Undergrad: 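The structure under discussion is supplied below as structure tokens; questions concerning it will follow.
Per chain, numbering begins at 1; letters A, B, ... match sequence-line order. Please read all numbers here as calculations on a predicted model, not as lab measurements. All values below come from the heavy atoms of this structure, side chains included, with hydrogens, waters and symmetry mates left out.
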Amino acid sequence: MNFISSKEIRESFLKFFESKNHTIVPSSPVVPFEDQTLLFANAGMNQFKDVFLGLGTREYKRAADTQKCIRAGGKHNDLEEVGVDGYHHTFFEMLGNWSFGDYYKKEAIAWAWELLTEVWKLPKDRLWATVYKSDEEALNLWKTETDINHSHILKFGEKDNFWEMGETGPCGPCSEIHVDLTDNGCKPEDVNAGLEDVIEIWNLVFIQYNRDEKGELHPLPMKHVDTGMGLERVVRVLNKKKSNYDTDLFTPILDKIGKITGKKYEGEYISPFNAIADHIRALTFAISDGAIPSNEGRGYVLRRILRRALRLARKLDYNEPMLHELVDTVVTNFGGVFPEIRDKKDFVKNVIKAEEDSFNLTLDRGIEHFQNVYERIKNNSDKVFPGEDAFKLYDTYGFPVDLTQVMARENGFEVDMKKFDEEMKKQKDRARAARKDEVILADTKMFELDEKLKAENPVYNPYNLSEKGIKTTLLQAKRIAGSDLEVLVLKDNPFYSESGGQVSDTGKLVFADGYELEVIDVKNNHFIYVKNYDHRNLFRKEVTAFVDYKRRRAIQRNHSATHLLHEALREVLGNHVKQMGSLVSDEYLRFDFPHFKKLSAEEIRKIEEIVNDKISGNIKVDTLEDLPLEEANNIPNVKKFFGDKYGSRVRIVRMDENFSAEFCGGTHVASTGDIGLFKIVKEESISSGVRRIFARTGEGIIRLIEERINDIESIVSELPEKYSSKFKEALEKIRDGVKSADYTDASMMKLMLEHQSNTIKSLNEIREKFIEEKKQQQKKMLKQNIGRHIEQIKSIIDSSETVNGSTVAAGRLDIQTSDEFKEIVDEIRKALKNGVALFAAVIDGKINLVCAVSDNLIKEKGLSAGKLISETAKELGGGGGGRPQLATAGARNVEGIDASLANFVSNLKLKL
RNA sequence: GGGGAUAUAGCUCAGCUGGUAGAGCGUCUGAAUGGCAUUCAGAAGGUCAGGGGUUCGACUCCCCUUAUCUCCA
């Protein structure tokens, strides 16, 4: 058989199913932001999960695709295995075809056979089929629909041939196709035996049951087909290679690794080469789809993959960052099928380079810690590097244990790996135990419409808002146990319910008899929270619902501004910018997106300029209601949100056809001019690689100005009169200006903000100058005072008695602050050549004591300042200590000072 | 979600069982040299991350918060 490229194989698969009336769909992102239960896309069916669960539908009944998948860390794949053999991967492509309630086993089996044997020309006598032990239907179809050797159809049990999505949910029997690559042909018992030469290449799953909580199976009204075939494996089989890495999916990357490191792809180098080639594919695809290496969740999986690749690069004697250099090769080879990696190329390289640098830093720190441990143990005769220390290096400082082993061996030591593994097990047990304690509190049933309510057809329509309110009736009222909150359901609900980052509306309900209830929150479209409901019977009573109109309009300004900001960010920073989180309230808007460095002042200025230009253009905001999903997807540059699921019909909000279009269920201004001024007030990092922007619009700008005035006032109030007077005047003017300001006048707002910024700037300069002046003054004072104290100390010492040639000095010092007291402590020893001195000072009503003893007396008489001072301190109701030369203490009994000082002198005389 | 670690001068970090906050590099000043590299002498520079507690006294011990690093899930 001649060489067939991976590109041809991928294309022929899709073409084959297209000819069988399948819709070819793009791969879903490998990073499933909308599915919290899944770290990475790990099978082709992920994007159709909602269909199988009966929650969603598609425009088509047959589909085929090649799906980007990542399996790392979980049950399916141990990261440490990748590269060692020829068929484990972190990243791979899964070819698949699906039927949603359309064709079933017969076609699935016939077509699979046709593709494998007629299109790809695999020898029929080398193929084996397996079916679920009781699935006679599939067994017979293999016999009637294909010309497979009947002795090559085998039955297996649950483990191999029954597929389940989870503990409950859709499931069914499957039928696998295995290929025999042995030299002389295999026997039936070799299938599913884990042999390298007899491998499964295609799994056909027939979803026909739903498993309930009791574990019982119920037939599904709609039966589905879900198949999966690993591209890497197929390419290897069709090209008769021993290893997946010997295919054109990997060889260009392996060549590039060889070029960079100068090593040949042979012998002990094969496994690191393979692993690096595998890992760079995973990293490139995952980062392109929006994941970023970090210390938790999927980001952490990426970090581990990247660090493993770097560790293995060291086995190729290459210690420099090199992974980012491989991105180009990946993009050249896969950018045609997956254009997203081409678009994000530079971003991916930057992220990888940054992470490589950060790992090098971690390694440097780890080496230091290794040295510390080694210094401690180097003279040990057993030459064992303790497992606890190796674990600590790994656990706390991220230093890979294999590097510890290498470094230990270089010094003739061996790491105690048994102990290391024990520590690791403890760590895992801890994490697992903590997981069990989790309690799920969410009472979701509270916010679902029951059958009775559904029959009433309650309407959720927050879009056509009027200040006059809307008349409707009350369908339900339920108290939340243990609270003063009541949950109401209206026939028509005009209150927006939190979604897509936009906060819920507030407002009030007014009943015909004048009874009013305040609306404080809305959940799941229909459920309205009110406070202090007095339990009168309101069932089916007429009510007028008033949304807090002013607040809603402020929210809408921020929401529309968020859309403009999103597109402006993409224009200024690049198209890797995606919404990772968003909050739209009446006060401000918040927007999170992936970006690897701080935004510069210039970038922020540009972004604001673009948004404000669009505002001053007063562009009409279009809402396309109830658009078919497919049509919506075709809108150029349309943005979807993570965290939202879309049905077959969607809502699009568009501002300027060439600028911004987003899937969005939120409410917006009529035209952009209503927004007023847009101003970014803060830009920060919330985790590595993720930035957060806070911005304000419209009335929020006025609030911003007012907040700033308060800031300025508090600064001014700290300043002395000579600096503050002119600012006080300016403040009054601004306050007056704000009162009469019109927030829709964007240029006026802009002027006010600029003027204010300048004021704050010059104010801060003056403040710093003032603080510096004050500080210098205090220092000068301190010096002067200390000079005085030293004089006092000297005079006390000079006028003290001497006993046997040694001075015995004691006295009170006139010191007010503990700073000054600290400063004079070592001056005492300087002034005291031969003798003992004890000084006391009362600071803040407490006694501070210091005692000094000259060196000769410590040696000759065994005196200790620490002991002496603690005796005196005890007398005075305190304690203290220190070294023999010098000690300090504190006490409370101020009246006793003079007596204790006298006592001290007379006691000492006896000792000298 | 759970565990470990770190936060001290502009930078890199010491600081023991509570009792005088330090080093190296950098900065500034001065000296040596025709200039630079360099050498020597001196100086400035600290809310010991923030907040609470224990204590006569906390950089040090305890608790909380924040930020960063790291491992496990």
Undergrad: For A:Leu302 and B:A73, what is the distance between atoms CG and P respectively, to the nearest whole Å?
TA: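 Nearest whole value for this atom pair: 16 Å.
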Undergrad: Which sits closer to the 5' end of RNA chain B, A:Thr362 or A:Arg892, going by the nucleotide each is nearest to?
TA: A:Arg892
Undergrad: Do the side-chain N or O atoms of A:Arg303 get closer than 4.0 angstrom to the phosphate oxygens (OP1, OP2) of B:U70?
TA: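 It does, given that an N or O in the side chain of A:Arg303 lies less than 4.0 Å from OP1 or OP2 of B:U70.
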Undergrad: Tell which nucleotide pairs with B:A31, taking only Watson-Crick or G-U wobble pairs whose two distances are both under 3.5 angstrom.
TA: B:U39
Undergrad: Which base sits across from B:A67 as a Watson-Crick or G-U pair, both distances under 3.5 Å?
TA: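 Pair assignment: B:A67 / B:U6.
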Undergrad: Do the ring centers of A:Phe694 and A:Tyr588 come within less than 6.0 Å of each other?
TA: yes
Undergrad: What interatomic distance, in whole Å, is found between C1' of B:G19 and the corresponding atom of B:U38?
TA: 43 Å
Undergrad: I'd like the C1' distance from B:C40 over to B:A7, given in whole Å.
TA: 36 Å
Undergrad: What distance, rounded to whole Å, do you find between the two C1' atoms, one in B:U54 and one in B:G1?
TA: 33 Å
Undergrad: Taking atom C1' of B:G57 as reference, at what distance in whole Å does atom CD1 of A:Ile869 sit?
TA: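 In whole Å, B:G57 C1' lies 11 Å from A:Ile869 CD1.
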Undergrad: Just the rounded figure in Å: distance from P of B:C71 to CG of A:Leu403.
TA: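 It is 13 Å, rounded to the nearest whole Å.
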Undergrad: Using the six-membered ring wherever Trp is involved, compare the ring planes of A:Tyr374 and A:Phe413 and label them parallel, tilted or perpendicular (cut-offs 30° and 60°).
TA: perpendicular
Undergrad: Which whole-number value in Å describes the distance from A:Gln427 CD to B:G4 P?
TA: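 So the CD-P distance, A:Gln427 to B:G4, works out to 10 Å.
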Undergrad: To the nearest Å, how far apart are A:Met424 CE and B:G2 P?
TA: 20 Å
Undergrad: What is the separation between atom NZ on A:Lys425 and atom C1' on B:A73, rounded to the nearest whole Å?
TA: 15 Å
Undergrad: Quick one: do A:Val373 and A:Lys392 satisfy side chain to side chain contact (heavy atoms under 4.5 Å, CB included)? Show the steps, please.
TA: CA-CA 11 Å; A:Val373 177; A:Lys392 185 158 176 141; over 6 Å; no
Undergrad: Give a yes/no on whether any side-chain N or O of A:Arg365 is located under 4.0 angstrom from OP1 or OP2 of B:U70.
TA: no
Undergrad: Choosing from B:U70, B:A5, B:C56, which nucleotide comes nearest the side chain of A:Thr396?
TA: B:A5
Undergrad: When all nucleic acid strands are considered with a 4.0 Å heavy-atom cut-off, which category describes A:Ala873: base, sugar-phosphate, or nothing?
TA: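 A:Ala873: no heavy atom of the nucleic acid under 4.0 Å.
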Undergrad: Is there a Watson-Crick or G-U wobble partner for B:A14 with both distances under 3.5 Å, and which nucleotide is it?
TA: none
Undergrad: Considering heavy-atom distances to RNA chain B, does A:Gly877 or A:Tyr394 have its closest nucleotide positioned more toward the 5' end?
TA: A:Gly877
Undergrad: Please confirm whether A:Phe370 and A:Phe385 have ring centers closer than 6.0 angstrom.
TA: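 They qualify: ring centres under 6.0 Å apart.
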Undergrad: Can you tell me how far C1' in B:A21 sits from the matching atom in B:A58, rounded to whole Å?
TA: 13 Å
Undergrad: Please work out if A:Gly398 contacts a base, only the sugar-phosphate, or nothing of the nucleic acid, heavy-atom cut-off 4.0 Å.
TA: sugar-phosphate
Undergrad: My understanding is that a pair needs two contacts under 3.5 Å, Watson-Crick or G-U wobble. By that rule, which nucleotide pairs with B:A44?
TA: none
Undergrad: What's the gap between B:A32 and B:G24 when it is taken at their P atoms, as a whole Å value?
TA: 25 Å
Undergrad: Distance check, P atoms only: B:U6 and B:U20, in whole angstrom units.
TA: 23 Å
Undergrad: Would one find a side-chain N or O of A:Lys846 under 4.0 angstrom from OP1 or OP2 of B:G57?
TA: yes
Undergrad: Examine A:Tyr394 together with A:Phe420 and report whether their ring centres are nearer than 6.0 Å.
TA: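 Between A:Phe420 and A:Tyr394, which both carry aromatic rings, the centre distance is below 6.0 Å.
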Undergrad: Of all the choices, B:U20, B:C71, B:C69, which nucleotide is nearest to the side chain of A:Leu886 once you look at every atom?
TA: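 Out of B:U20, B:C71, B:C69, the nucleotide with an atom closest to A:Leu886's side chain is B:U20.
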Undergrad: Determine the interatomic distance between C1' on B:A49 and the same-named atom on B:A44; round to the nearest Å.
TA: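 Straight-line distance between the two C1' atoms is 24 Å.
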Undergrad: Counting only Watson-Crick or G-U wobble pairs whose two distances fall under 3.5 Å, which nucleotide matches B:G19?
TA: B:C56
Undergrad: Expressed as a whole number of angstroms, how long is the span from A:Asn372:CG to B:U6:P?
TA: 12 Å
Undergrad: When the P atoms of B:U12 and B:G26 are compared, how many Å lie between them, rounded to an integer?
TA: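 About 15 Å, rounded to a whole number of Å.
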Undergrad: A:Asn848 has an atom CG; how far is it from atom P of B:G57, in whole Å?
TA: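 Result: 10 Å.
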Undergrad: Evaluate A:Asp798 against A:Lys794 for salt bridge (charged side-chain N to carboxylate O under 4.0 Å, His left out), listing each step before the verdict.
TA: CA-CA 6 Å; A:Asp798 287 346; A:Lys794 278 182 182 159; over 6 Å; no
Undergrad: Of the options B:C71, B:A5, B:U70, whose atoms approach the side-chain atoms of A:Tyr397 most closely?
TA: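 Nucleotide nearest to A:Tyr397's side chain: B:A5.
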Undergrad: If you measure only the distance, is there a donor-acceptor pair under 3.5 Å linking the side chains of A:Gln792 and A:Asp814?
TA: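 No, A:Asp814 and A:Gln792 have no side-chain donor paired with an acceptor closer than 3.5 Å.
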